[in-house]
Amino acid sequence: MNLFDGLRDHAVAVVTHNMGYTATWSPADDSAQQVAEVLYKDATEKTDRFGETVNFSEFDYQIEFSYLKFIGLKDSVDNGGKEVISVSLPSGIKNFYVERVGKVADGSTSIAYLTIKTT
């Protein structure tokens with residue numbers, strides 16, 4: 001691993017450990033449960049950015065995590081799997097459906113777009 005990748009991985013690990021939350025994925029195919037520290041972004045009802053109002057979107061719930069975590073999640077979602085991730089927040093555990101999974105920047109970080117699981 002080159003110096004930059006090592007520094008990046010260390011910085012991400014420190015931020016995720018100190019500012020992240022524990023998330024659990026129990027794959028729909030009944031394979032082994034996976035747990036990871038994630039960065040969580042909650043949806044907001046409305047935001048005002050530079051004088052313009054941005055309406056609420058149910059897809060504003062997101063988690064970011066290392067590409068080495070939640071192995072198989074992207075493939076399952078891409079193939080129509082109905083996957084659920086639980087995030088342990090200070091207010092309690094929230095359950096989400098994973099709508100899609102993508103990569104951020106150089107691909108070392110994955111991002112999952114979520115909707116609240118109501119049942």
Side-chain angles (χ1 to χ4, degrees):
M1 177 181 302
N2 67 44
L3 177 62
F4 172 77
D5 289 345
L7 291 171
R8 177 204 59 218
D9 291 350
H10 179 71
V12 169
V14 169
V15 170
T16 304
H17 176 75
N18 290 302
M19 300 176 73
Y21 299 97
T22 300
T24 305
W25 172 44
S26 298
D29 68 2
D30 293 325
S31 58
Q33 184 179 71
Q34 298 181 43
V35 178
E37 293 296 315
V38 301
L39 297 176
Y40 171 75
K41 178 184 169 278
D42 204 355
T44 55
E45 289 297 322
K46 286 188 177 182
T47 57
D48 185 27
R49 296 183 190 151
F50 307 109
E52 73 179 61
T53 300
V54 178
N55 291 324
F56 170 78
S57 167
E58 65 181 340
F59 296 107
D60 282 345
Y61 295 97
Q62 301 170 7
I63 58 171
E64 290 187 15
F65 51 93
S66 167
Y67 73 99
L68 299 172
K69 305 296 182 180
F70 298 140
I71 303 300
L73 177 64
K74 181 177 181 359
D75 290 338
S76 178
V77 172
D78 287 350
N79 290 313
K82 196 68 167 171
E83 299 296 346
V84 175
I85 284 186
S86 302
V87 181
S88 297
L89 301 168
S91 59
I93 295 174
K94 282 190 180 178
N95 298 309
F96 300 93
Y97 288 113
V98 181
E99 300 298 332
R100 68 183 191 275
V101 179
K103 298 286 184 185
V104 177
D106 66 354
S108 65
T109 301
S110 296
I111 185 168
Y113 300 89
L114 314 168
T115 55
I116 292 239
K117 182 177 186 256
T118 57
T119 57

With a 3.5 Å cut-off and sequence neighbours excluded, list the donor-acceptor pairs that the side chains of residues 31-38 form with protein atoms.
from, atom 1, to, atom 2, distance (Å)
Ser31, OG, Asp29, OD1, 2.7
Gln33, NE2, Ser26, OG, 3.0
Gln34, OE1, Phe70, N, 3.2
Gln34, OE1, Ile71, N, 2.9
Gln34, NE2, Ile71, O, 3.0
Glu37, OE2, Thr22, OG1, 2.7

Practice item. Give, for atom CG of Leu73 and atom CZ of Phe65, the distance between the pair rounded to the nearest 0.5 Å. Key: 5.5 Å
Practice item. Indicate if Tyr113 and Val84 have the same hydrophobic cluster label, given that clusters are the connected sets of ILVMFWY residues with side-chain heavy-atom separations under 4.5 angstrom. Key: no
Check your understanding: In Å and rounded to the nearest 0.5 Å, what is the NZ to CD1 distance from Lys117 to Ile85?
Key -> 13.0 Å
Review point. CG of Asp42 to OH of Tyr61: how many Å apart, nearest 0.5 Å?
Key: 5.0 Å
Exercise for review: Report the distance from atom OH of Tyr21 to atom CG of Leu39, rounding to the nearest 0.5 Å.
Suggested key: 9.5 Å
Check your understanding: Applying the 4.5 Å side-chain criterion to the ILVMFWY set and letting contacts propagate, would Ile93 and Val87 be lumped into a single cluster?
Key -> no
Point to revise | No-hydrogen, no-angle side-chain donor-acceptor test under 3.5 Å, Thr115 and Glu99 | key: yes
**Study point:** Separation between OG1 of Thr109 and NZ of Lys69, rounded to the nearest 0.5 Å
**Key:** 12.5 Å
**Study point:** Heavy-atom side-chain contact between Phe96 and Tyr40 under 4.5 Å
**Key:** yes
Check your understanding: Which distance, rounded to the nearest 0.5 Å, do you find between the OH of Tyr67 and the NZ of Lys103?
Key -> 8.5 Å
Check your understanding: Going by heavy atoms in the side chains, are Glu83 and Val101 under 4.5 Å from each other?
Key -> no
